[in-house]
4 protein chains.
Amino acid sequence: MAKVASSIAPPESKPRGRQRSSECEAAILSATTELLKKKSLREITADAIVQRAGVSKATLYKWWPNKNLVALDAFLANMRTNVGIPNTGSAVEDFKLELEAVIRFYTSPTGKTFRQFVAEGQSDPEFLEVFRERFLRARRDETSIMWERGVERGEIRDDVDMDLGMDLIFGPMIYRLLAGHASLDDAHAEAMIEVAFRGLQKKPQ
Amino acid sequence: MAKVASSIAPPESKPRGRQRSSECEAAILSATTELLKKKSLREITADAIVQRAGVSKATLYKWWPNKNLVALDAFLANMRTNVGIPNTGSAVEDFKLELEAVIRFYTSPTGKTFRQFVAEGQSDPEFLEVFRERFLRARRDETSIMWERGVERGEIRDDVDMDLGMDLIFGPMIYRLLAGHASLDDAHAEAMIEVAFRGLQKKPQ
Amino acid sequence: MAKVASSIAPPESKPRGRQRSSECEAAILSATTELLKKKSLREITADAIVQRAGVSKATLYKWWPNKNLVALDAFLANMRTNVGIPNTGSAVEDFKLELEAVIRFYTSPTGKTFRQFVAEGQSDPEFLEVFRERFLRARRDETSIMWERGVERGEIRDDVDMDLGMDLIFGPMIYRLLAGHASLDDAHAEAMIEVAFRGLQKKPQ
Amino acid sequence: MAKVASSIAPPESKPRGRQRSSECEAAILSATTELLKKKSLREITADAIVQRAGVSKATLYKWWPNKNLVALDAFLANMRTNVGIPNTGSAVEDFKLELEAVIRFYTSPTGKTFRQFVAEGQSDPEFLEVFRERFLRARRDETSIMWERGVERGEIRDDVDMDLGMDLIFGPMIYRLLAGHASLDDAHAEAMIEVAFRGLQKKPQ
DNA sequence: AGCTAATCGAGACGGTACGTCACGTCTTAAT
DNA sequence: ATTAAGACGTGACGTACCGTCTCGATTAGCT
């Protein structure tokens with residue numbers, strides 16, 4: 001993470017000196033995870049992380065450039081149990097289930113960090129890009145399978161750009177998540193998909 | 001600003017002492033506006049504002065609790081020249097023009113502050129609420145006129161909740177604005193409105 | 001107070017306009033007196049005085065240049081009930097009684113302000129001079145009567161400078177008062193006078 | 001300084017991390033010394049000290065709770081070249097020389113800080129105590145040697161409490177120093193000792 | 001009776017220093 | 001070489017008090 005993968009050569013004589021402690025990395029990530037449950041990203045300090053992890057500040061800054069990227073790594077590490085995407089045979093149903101699942105996640109204790117990553121990204125373009133590539137794109141790659149299945153089955157119009165379609169489906173939810181001007185629940189998901197798909201699906205004619 | 005309008009009594013004898021200097025307020029707001037053109041909200045400091053405004057820090061903190069609300073007041077003060085909403089006779093056209101205008105604003109030097117307000121709101125719920133009430137709601141109230149015209153003319157289905165419809169129209173744009181995963185221009189606006197309205201408009205038959 | 005006595009002309013036609021309110025002056029002085037009972041001179045603020053006195057800050061600064069001089073006026077106003085000096089017929093006894101009385105005063109709630117005046121004087125030479133002239137000199141003028149009686153009665157050597165003698169008698173007490181390195185009570189007064197007078201008094205021979 | 005000496009264990013393995021920079025401490029103390037030559041203790045600001053020392057404010061506040069204690073440390077550091085006490089064989093002569101020396105010091109550029117320490121102590125009892133213990137007591141311990149020599153040689157009465165005697169000798173000088181009502185020089189020292197010792201010394205008979 | 005001027009309460013204002021906080025870097029001794 | 005401990009410079013924070021100022025209201029002698 002945040003580091004270059006240690007490259008190729010497998011025999012690779014170890015460098016001199018003490019080796020990087022994977023325990024340190026784990027301690028930092030899990031400390032960060034714990035802190036994120038209690039406080040917002042902005043409120044968490046690098047000092048708090050290292051203290052809770054029983055690790056020195058130099059160690060943290062040796063492996064990560066700043067605490068946002070630590071938090072991102074911690075966040076991603078907790079997503080490995082990756083929910084499979086639904087496959088009901090109907091694109092509308094699939095996206096409805098998916099949207100519900102995503103809403104549940106984003107409003108969960110862990111998922112609410114998402115909003116804070118987007119927020120941090122507004123004043124740190126590099127971070128925003130990393131976040132986009134490592135989180136958003138991964139999610140979109142998964143959901144694109146659902147999209148393609150819909151297109152192949154003739155449920156989704158093939159003249160609609162997928163990115164546009166995806167934004168139509170998930171954009172309103174993101175907007176509500178960030179602006180908080182309206183509620184977010186299963187009912188909303190259903191209604192939203194209903195209307196959106198009226199614009200996306202092929203006419204049955 | 002930041003203060004409640006002093007309510008009813010119109011003759012309203014002035015309070016005893018020295019009156020609040022409107023020059024100070026103006027200086028602070030315009031200094032903030034200038035700084036926002038050059039730096040992000042996060043980078044701007046209260047010290048920089050007061051120094052540029054030639055005003056004491058105590059004065060700033062006397063009238064505003066923090067610099068975010070100063071920036072919001074400055075932002076709103078610059079919007080008084082309020083764009084009238086379009087009225088072409090066609091709801092699709094109206095929303096297309098409106099979405100294009102909004103995109104142009106949000107990507108303009110002044111409008112890019114919008115993203116930063118949303119960002120700040122993520123770690124400051126109170127600020128988010130103020131921002132929502134004083135900016136977002138005002139915009140939505142305006143656009144709701146367009147929506148209602150569309151409904152009355154029979155262009156927009158009357159069984160679609162307006163809030164949901166608005167989010168469907170503007171949500172995708174906000175999402176792209178904040179996540180930056182895809183471009184935002186007139187072409188996008190057109191395509192987005194096209195698809196969204198297929199779900200929103202009444203069948204012609 | 002703190003103002004030059006309004007000079008010569010006794011009939012003196014009053015100046016036009018509203019006259020200085022003696023209630024204001026009294027309110028300020030008594031508010032200051034009250035505050036001095038609870039807090040040290042350093043801790044008291046001009047704002048606190050005017051608030052407690054129900055008076056405006058401009059009024060305070062119109063008649064006094066700073067709060068130290070207000071406090072000095074308040075202090076002096078509370079000393080009008082001027083303790084007569086003792087007159088037992090014996091200089092040693094007189095000074096013993098006087099020293100005891102002075103110690104009692106300086107360690108009383110009112111008198112402990114004395115220390116703070118001396119303290120303020122260290123960083124404000126002008127104030128020190130005013131304090132010296134208006135308080136210390138008045139006290140010394142009183143005590144000088146005791147001294148002179150002693151000299152006349154032949155109890156005190158006439159070749160000792162009075163100022164030096166006074167400092168010998170009161171200096172040690174002031175020192176203890178300010179440095180706090182030893183106790184101050186009647187016993188100390190007695191012992192101190194005992195020793196000091198052995199140096200001051202005429203040999204009985 | 002300002003920290004407790006780290007007690008007993010002489011081998012004392014150094015603590016883990018980066019050590020306190022003695023350069024910082026030295027820079028702070030010498031900057032403070034310089035500033036004290038030009039300004040009064042009250043006028044000196046923590047900002048000015050750290051700026052002149054090229055040190056951060058956090059560092060100063062890490063090691064000292066306030067600037068008074070910094071100044072005290074700086075003051076004491078400049079006294080290490082400790083004047084030996086006189087030893088002429090005569091207590092009167094010894095104390096006369098000592099009083100002259102002390103007067104010279106207290107009226108010197110460095111020594112005039114003494115008055116300001118006493119002044120600060122009046123509104124900060126804790127500081128007064130530290131000042132007393134670390135400065136006054138040290139001086140008194142030194143001078144007590146002179147006193148004891150005098151007692152042993154039979155020059156000073158053995159029924160006079162030493163603290164009382166000391167105050168009789170030095171109190172008047174302190175009084176004049178702080179109140180400024182009379183001059184302080186060698187002539188004064190001589191006269192004062194003359195009179196004081198008449199009360200302190202054993203009758204020759 | 002009005003005019004005019006000094007005074008008053010209220011409190012806004014510019015200024016200066018405060019002491020705290022978090023950041024990210026650096027130093028040291030131990031592993 | 002990497003670690004834990006933790007000192008350090010930087011820079012912003014929000015608060016406090018100072019002494020000045022601007023208001024409109026009040027008061028009283030003078031015309």
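In what follows, chains carry the letters A, B, and so on, assigned in the order in which the sequence lines appear, proteins first and then strands, with residues in each chain numbered from 1.
Map A:Ala53 and D:Cys24 each onto its nearest nucleotide of DNA chain F; the residue landing nearer the 5' end is A:Ala53. Nucleotides of DNA chain E nearest to A:Ala58 and B:Ala58 differ in position, and the one nearer the 5' end is that of B:Ala58.
One can place CG of B:Asn68 at 13 Å from C1' of F:dC13, the figure rounded to the nearest angstrom. We find that CG of D:Asn66 is positioned 7 Å from P of E:dG19, with the value rounded to whole Å. When rounded to the nearest whole Å, the span between OH of D:Tyr61 and P of F:dC13 equals 19 Å. Distance CD (A:Glu25) to P (F:dA4): 13 Å, rounded to an integer number of Å. Atoms CG (D:Leu60) and P (E:dC21) sit 16 Å apart, rounded to a whole Å. Separating the NZ atom of C:Lys57 from the P atom of E:dG9 is a distance of 14 Å, rounded to the nearest angstrom. In this entry the distance linking CH2 of D:Trp64 with P of F:dA7 reads 13 Å, nearest Å.
Nearest nucleotide to the B:Trp63 side chain, out of E:dT20, E:dC13, F:dG14: E:dC13.
Dashed line: the shortest gap from a side-chain N or O of D:Ser56 to OP1 or OP2 of F:dG11 is not under 4.0 Å. For E:dT7, one of the phosphate oxygens OP1 or OP2 lies less than 4.0 angstrom from a side-chain nitrogen or oxygen of C:Lys62. Residue A:Lys67 has a polar side-chain atom (N or O) positioned under 4.0 Å from OP1 or OP2 of E:dC23.
Legend: residues meeting side chain to side chain donor-acceptor pair (under 3.5 Å) with A:Arg42, ordered by chain and number and at least two apart, are B:Glu120. For the salt bridge (Lys or Arg N to Asp or Glu O under 4.0 Å) test, no residue two or more places apart in sequence or in another chain qualifies with C:Glu129. Scanning for side chain to side chain donor-acceptor pair (under 3.5 Å) contacts around C:Thr113 gives an empty result, with sequence neighbours left out. With sequence neighbours left out, the side chain to side chain donor-acceptor pair (under 3.5 Å) criterion links B:Asn66 to no other residue. Every residue two or more places apart in sequence or in another chain was checked for a side chain to side chain donor-acceptor pair (under 3.5 Å) with A:Ser123, and none qualifies.
Less than 4.0 Å separates DNA chain E from at least one heavy atom of each of the following residues of residues 30-51 of chain A: A:Ile44, A:Thr45, A:Ala46, A:Asp47.
With no hydrogens or angles considered, a side-chain donor-acceptor pair links C:Thr59 and C:Ser56 at under 3.5 Å.
Ring-plane geometry between A:Phe117 and A:Phe127 is classed as tilted, the angle between the planes lying from 30 to 60 degrees on a 0 to 90 degree scale.
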